[in-house]
Amino acid sequence: MTGISRRRFLGYGLGAAVAVSAAGRVGAAAASTGLALAKFIQPVPLPGHGIVVATPSGANTYSFTQVPLARQLHPNLPPTPFWAYDDGSGLAGQAGSFGMAVVAETGTPLQVSFRNGLPATYPSWIPVDTRLTPLENQVRVMTHLHGGFVAADSDGSPAVTPDGFGFGQTQSVFYTNQSPQMPAELLWFHDHGLGATRLNVFAGLAAAYIIRDQYDTGDEPNPIGIPGGAHEIPLVIQDRQFNADGTFLYPTSDIAGVTWIGEYFGDVMLVNGKVWPFLNVEPRLYRFRILNGCNARILSLDLGGARFVQIGAEGGMWDRPVPVNKLVLAPAERADVLVDFSGLAGQALLLRNSKPAPPVSTPAPALTSVMQIRVGTTVTTPGPATIPATLLGGRAAVLPAPAKTRYITLNEVAPETAGWYLNLNGVHFDAAATETPKVGTVEDWVYVNLTEDTHPMHTHLVTFEVVGRTPFNADAYQDAYGGPNGVPGGIDPTSFATGPMQPADPSERGYKDTVKANPGQFTTIRAKFSLPAHVRTPQSYVHHCHIVEHEDNDMMRPFIVTR
Ligand SMILES: [Cu+2]
């Protein structure tokens, strides 16, 4: 057997201390000040109040510059330096480390540019691993619209532009916002620099991209009958560590010759870029647009006394609402939820995070508190009295049977050594593309997880239907087919199944762009590989694990849409 998994290497049941060491957080606990920060003493930034709603630079045109910025993220911390997308406003209206939102309309394309106005080389608080980057410690950025249906040269794809964009250079992109692939939904754009995505996102390069349509107008009232205006609230959740001087802390490895760590886990939670904030609500119905913006942490969220009713996920709104007790969101997953506070006047609720239940598996140390929600006693505008039984303009994910099925293995090689890396199909990112779907065809992709952890797999270009997850004997499959870099791609694991396929979770009702591939299972997704209007084959994209540490080293592969 090859590709000994991290947990097998370390032994089972050794608890949180091992998990921390596995993530390479050496010395981090001693250096971090986060645990001493008082909770719930500052308000969460909201659009127009600490989150900048981007101003266009022309008709359907936005011109951003990536810039260094600093803000106080907690009253007891000095200002924290970070990186941000400046829409030309100078970002005076940005309160925290997450502070930008673009509002787009489905059917109306946008021309967007990103000029690199960052330092030429990485500052000391961002520990680059020059084994993984194309140009050593040069800052190379590239913006990816996560969930965008765009041409390859507008995708921010390391398969197209592996060197990214250096100081003074501009990335120009065309975001189609084409229907039905880009309906009303919450996307986000974030950095995708090759070998440095984890660092550039950690440094702050992430922003919201909200698409509206004739039904999901964002106003109240709206044709769907859901909350809008000030009662629709984006919540971007990110964990971080801090140094006493206010800088973000990103630990380095204790392995000789290695800087990269297996996962970054914070001990402080930021919501919309502020440490452990609070939110005042009225005792009525609200809509929350939640994004897990963490590097590696899988969230399992609950609200104590209040229940979530989920109405959508990554690929837009569903045809009907689904009650959900816990929102289990891996990095890059989104949830569109309604919460009724009408029976909770005067109460203070805790948005709480807990360890995700099996089969989801993660080495993350506990981080329980997310934010406080304070329910007032008066309602100024009542809003919708009930949650609609059907959601106008929404859809469930339904695709015809696939023309082809591909098997993609997830491997972890030589953990806790200088040669530690992760891969797909037993090969590095720069090997020739093996996934080459024909344009316009439907394919099933089966992610065969041979590691001990959950990996959130993200496909560029397409959103997909989660078909189901099948339990299987990973050890036997690995014993039969494993090589020095894990099991190669393309090998059907069906004969190693130990039970029937389990259907997608009710919270996976609609189209998604990120799916939890759990250990002990193979996960089947189904997508139609269309291209935007007037875009010709071939077009190169990537698919990868959205634990950004894994993506950087080297759990990412190109795919090519062919004719
Ligand atoms: Cu991963």
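Whatever order the structure lists them in is the order used to number ligands and atoms, beginning at 1.
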| said: Restricting to N, O or S atoms, which atom of H550 is closest to the Cu ion (ligand 1)? | reply: ND1
| note | min-distance N/O/S atom, H455 vs the Cu ion (ligand 1), resolves to ND1
| Is the closest side-chain heavy-atom distance between H458 and H544 below 4.5 Å? |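 Yes, at least one pair of side-chain atoms sits under 4.5 Å.
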| said: Tell me whether the Cu ion (ligand 1) has C545 as a neighbour, meaning an N, O or S atom of it below 2.8 Å. | reply: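 Yes, within the cut-off.
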| Short side-chain to backbone donor-acceptor contact, T176 and F149, under 3.5 Å | yes
| Salt bridge check: are K438 and E443 linked by an N-O gap of less than 4.0 Å? |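 So K438 does not pair with E443 through a salt bridge.
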| query | Is the CD atom of Q502 crowded by more than 12 outside heavy atoms at less than 6.0 Å? | reply | yes
